[in-house]
Number of protein chains: 2
Amino acid sequence: MANSGPQILTTLRQMILSGEFKANERLAEIPTADRLGVSRTPIRLAFRALEQEGLLNKLPGRGYEVRSVSIAEIEGAVEVRGALEGLAARRAAEKGLTDEQKRRFEELLQQGDELFQSNEPLSEKDIELYHTMNKAFHQLIIDVADNRAISIALSRDEHIPFASVNALAYDKTNMREETKRFLFAHTQHHHIYMTLASRQSARAEMIMREHAHATLGHVHKYHGANENEDIQLISKDPILKQ
Amino acid sequence: MANSGPQILTTLRQMILSGEFKANERLAEIPTADRLGVSRTPIRLAFRALEQEGLLNKLPGRGYEVRSVSIAEIEGAVEVRGALEGLAARRAAEKGLTDEQKRRFEELLQQGDELFQSNEPLSEKDIELYHTMNKAFHQLIIDVADNRAISIALSRDEHIPFASVNALAYDKTNMREETKRFLFAHTQHHHIYMTLASRQSARAEMIMREHAHATLGHVHKYHGANENEDIQLISKDPILKQ
DNA sequence: TCCTATTATATTGGATCCAATAAGAACAAA
DNA sequence: TTTGTTCTTATTGGATCCAATATAATAGGA
């Protein structure tokens with residue numbers, strides 16, 4: 001059991017994101033402190049932090065509730081991510097890439113290519129590898145862009161399902177279609193790199209913005225499966241990896 | 001003297017933004033609690049919050065330091081604001097405006113127009129009125145866009161000087177040029193409204209993005225007046241209103 | 001004089017307690 | 001049965017204390 005402040009915060013965040021705490025569930029200091037076997041102090045600090053991260057809403061006199069996330073909100077967050085990553089791509093194209101950065105991009109693209117060499121659908125292990133490569137690719141663009149405000153603005157999407165590159169959703173019951181989808185997304189990676197390397201900043205921005213929408217298909221499948229428009233964060237089939 | 005948690009947070013934030021705490025100044029719980037006449041508990045909570053807001057950096061074992069802000073960071077934040085407000089304007093144009101929203105935009109534009117009727121430079125009171133109108137105009141676009149993620153992403157710029165519509169900088173020693181500058185910016189407001197009303201979403205986004213850069217002139221003047229590239233937040237001539 | 005070790009001080013994080021406030025439950029009256 | 005009042009319980013925010021850790025100052029030795 002976690003026993004330090006930062007670990008308490010991480011544990012609570014994980015419990016929210018994993019669905020152990022349900023949307024709209026009420027959390028109060030004393031029961032939560034009892035549950036985790038610590039005093040109220042770290043819980044209080046963690047609740048404040050999680051409120052600021054957007055995962056909890058404060059209920060005056062009654063603790064906090066786990067915030068629910070609507071489809072519209074997810075779509076809006078994806079759109080914002082697209083705008084921010086698009087801006088990052090444009091900046092990266094305007095700055096131009098160093099040789100080292102080109103090498104790194106090419107390595108990542110090669111890693112992705114190797115996953116699609118066979119005619120078989122991707123395995124779950126392949127998906128993990130793709131996910132790692134995808135995160136690194138996106139992060140490299142942000143790094144090249146070198147604008148702190150972009151990273152900060154993106155950080156607010158990190159806990160919204162489907163809206164962050166830190167999470168990846170896929171339908172394990174239909175790996176053939178998923179493979180096609182990832183292949184398409186990775187092809188976009190190639191196009192993005194090409195526009196960066198050739199300093200076509202407008203195209204870089206446009207493709208990168210569009211690329212952000214690659215995950216939305218699963219949002220709508222979730223919607224179809226639910227009685228109401230608000231969904232619980234994450235953790236139902238299809239498996240969300242993070 | 002402030003005596004409640006939220007007030008402590010507000011007071012400390014204000015002391016940072018006003019320059020009472022200098023850039024890179026070290027703040028620790030006990031001296032700060034003594035200074036404000038409260039226990040350490042609300043200070044600790046406030047420090048955590050201010051860290052998350054980006055105003056403080058944590059120094060392990062040594063308290064926190066007030067974060068300094070570089071010109072490059074300000075420029076980056078303005079660029080992000082442009083991208084986000086541009087996205088908001090595009091969404092607003094795509095959604096179309098209600099009659100009520102049109103009326104409200106027209107009111108605000110009219111308020112601005114009235115400030116430029118005479119041939120005299122704007123007075124400081126005029127600038128205050130312009131500032132209020134400007135904030136309302138920008139906020140209305142964000143409201144029409146109806147994307148929570150935009151508001152959240154924008155909130156991170158609110159404490160960066162020159163990067164937020166909540167603050168306005170002007171050179172009180174040169175009101176004639178300032179008047180021209182504000183007139184230009186307000187003309188852009190007209191153009192933005194026109195594109196929203198006629199649902200020209202691409203133009204709306206483009207003009208709105210460019211409009212965000214209207215404040216950058218004063219950043220460079222600041223730079224010229226300083227020995228180093230990092231500036232203290234706010235509160236020197238030219239007067240920053242907030 | 002400089003370097004190292006020891007001691008003193010500063011600082012944080014967590015635990016616990018107290019008081020104020022809010023919410024819920026129980027009871028009484030209409 | 002419904003509504004209003006009172007009592008009880010839950011909950012938060014702040015204060016204080018303790019222990020661990022980090023930093024600064026001092027003393028001693030080379």
Side-chain angles (χ1 to χ4, degrees), chain A residues 1-17 19-68 155 159 230 233, chain B residues 1-17 19-68 155 159:
Chain A
M1 183 52 70
N3 57 7
S4 73
Q7 286 176 354
I8 299 283
L9 176 59
T10 301
T11 297
L12 288 175
R13 187 189 290 121
Q14 187 60 26
M15 289 166 85
I16 292 169
L17 293 177
E20 189 166 341
F21 292 138
K22 303 298 181 189
N24 303 117
E25 181 173 349
R26 192 167 73 85
L27 304 181
E29 290 179 4
I30 296 177
T32 307
D34 289 344
R35 183 166 171 174
L36 298 188
V38 295
S39 77
R40 288 170 51 215
T41 308
I43 301 294
R44 189 184 315 177
L45 290 162
F47 279 179
R48 298 294 175 88
L50 293 168
E51 180 190 15
Q52 214 165 2
E53 287 180 23
L55 293 185
L56 298 181
N57 289 328
K58 188 163 166 49
L59 307 171
R62 279 180 45 78
Y64 291 78
E65 68 175 0
V66 179
R67 218 167 58 80
S68 56
S155 68
H159 306 318
D230 290 345
L233 294 179
Chain B
M1 183 50 69
N3 57 7
S4 72
Q7 286 175 356
I8 299 282
L9 176 59
T10 300
T11 298
L12 287 175
R13 187 190 288 124
Q14 186 61 28
M15 290 165 85
I16 292 169
L17 293 177
E20 189 166 341
F21 291 138
K22 303 297 181 190
N24 303 118
E25 180 172 351
R26 192 166 74 86
L27 304 181
E29 289 178 6
I30 297 177
T32 307
D34 289 344
R35 182 165 171 176
L36 298 189
V38 295
S39 77
R40 287 171 49 214
T41 308
I43 302 294
R44 190 185 313 178
L45 291 162
F47 279 178
R48 298 293 176 88
L50 292 168
E51 181 191 12
Q52 212 163 5
E53 288 182 22
L55 293 184
L56 297 179
N57 289 328
K58 187 163 165 55
L59 308 169
R62 281 182 45 80
Y64 291 78
E65 69 175 1
V66 178
R67 218 168 57 80
S68 56
S155 68
H159 306 316

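Model, not experiment: these values are computed from the prediction. Convention: sequence-line order gives letters A, B, ...; per-chain numbering from 1.
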Contacts to DNA chain C from residues 41-49 of chain B, heavy-atom cutoff under 4.0 Å, which residues? B/Arg44, B/Arg48
Below 4.0 Å: OP1/OP2 of C/dG14 and any side-chain N or O of A/Ser39: no
Rounded to whole Å, how long is the line connecting atom CD of B/Glu65 with atom P of C/dT11? 15 Å
Atom pair distance, as rounded to whole Å: CD1 in B/Ile30 and C1' in D/dG14: 16 Å
Apply side chain to side chain contact (heavy atoms under 4.5 Å, CB included) to A/Leu59 and A/Tyr64, showing your working. CA-CA 5 Å; A/Leu59 307 171; A/Tyr64 291 78; 5.7 Å; no
Hey, is the main chain of A/Thr11 close enough, under 3.5 Å, to the side chain of A/Gln14 for a donor-acceptor pair? no
By side chain to side chain contact (heavy atoms under 4.5 Å, CB included), which residues pair with A/Ser39, not counting sequence neighbours? A/Thr41, A/Pro42
Could you tell me whether the side chain of B/Ile16 reaches within less than 4.5 Å of the side chain of B/Leu50, counting heavy atoms only? yes
State which residues pass side chain to side chain donor-acceptor pair (under 3.5 Å) with A/Arg44; sequence neighbours excluded, sorted by chain then number. none
Quick one: list whatever passes side chain to side chain contact (heavy atoms under 4.5 Å, CB included) with A/Asn57, sequence neighbours left out. A/Glu65, A/Arg67
Which protein N or O atoms sit under 3.5 Å from an N or O of nucleotides 23-26 of chain C?
residue: C/dG24; atom: OP1; partner: A/Arg62; partner atom: NH1; Å: 3.1

Rounded interatomic separation in angstrom, taking CD from A/Glu29 and C1' from D/dT9: 16 Å
List for me each residue that meets side chain to side chain contact (heavy atoms under 4.5 Å, CB included) alongside B/Gln52, sequence neighbours excluded, and say none if there are none. A/Ala49, A/Gln52, A/Glu53
Does D/dC17 have OP1 or OP2 under 4.0 Å away from a side-chain N or O of B/Arg40? no
Ion pair check, A/Glu29 and A/Arg40, cut-off under 4.0 Å: yes
May I have the distance from B/Asp34 (atom CG) to C/dT11 (atom C1'), rounded to whole angstrom? 13 Å
Rounded distance in Å - CZ (A/Arg26) to P (C/dA22): 15 Å
For the pair A/Arg26 (side chain) and A/Arg62 (backbone), establish whether a donor and an acceptor sit closer than 3.5 Å, ignoring hydrogens and angles. yes
According to a strict under-4.0 Å criterion, is A/Lys58 in side-chain N/O contact with OP1 or OP2 of D/dG13? yes
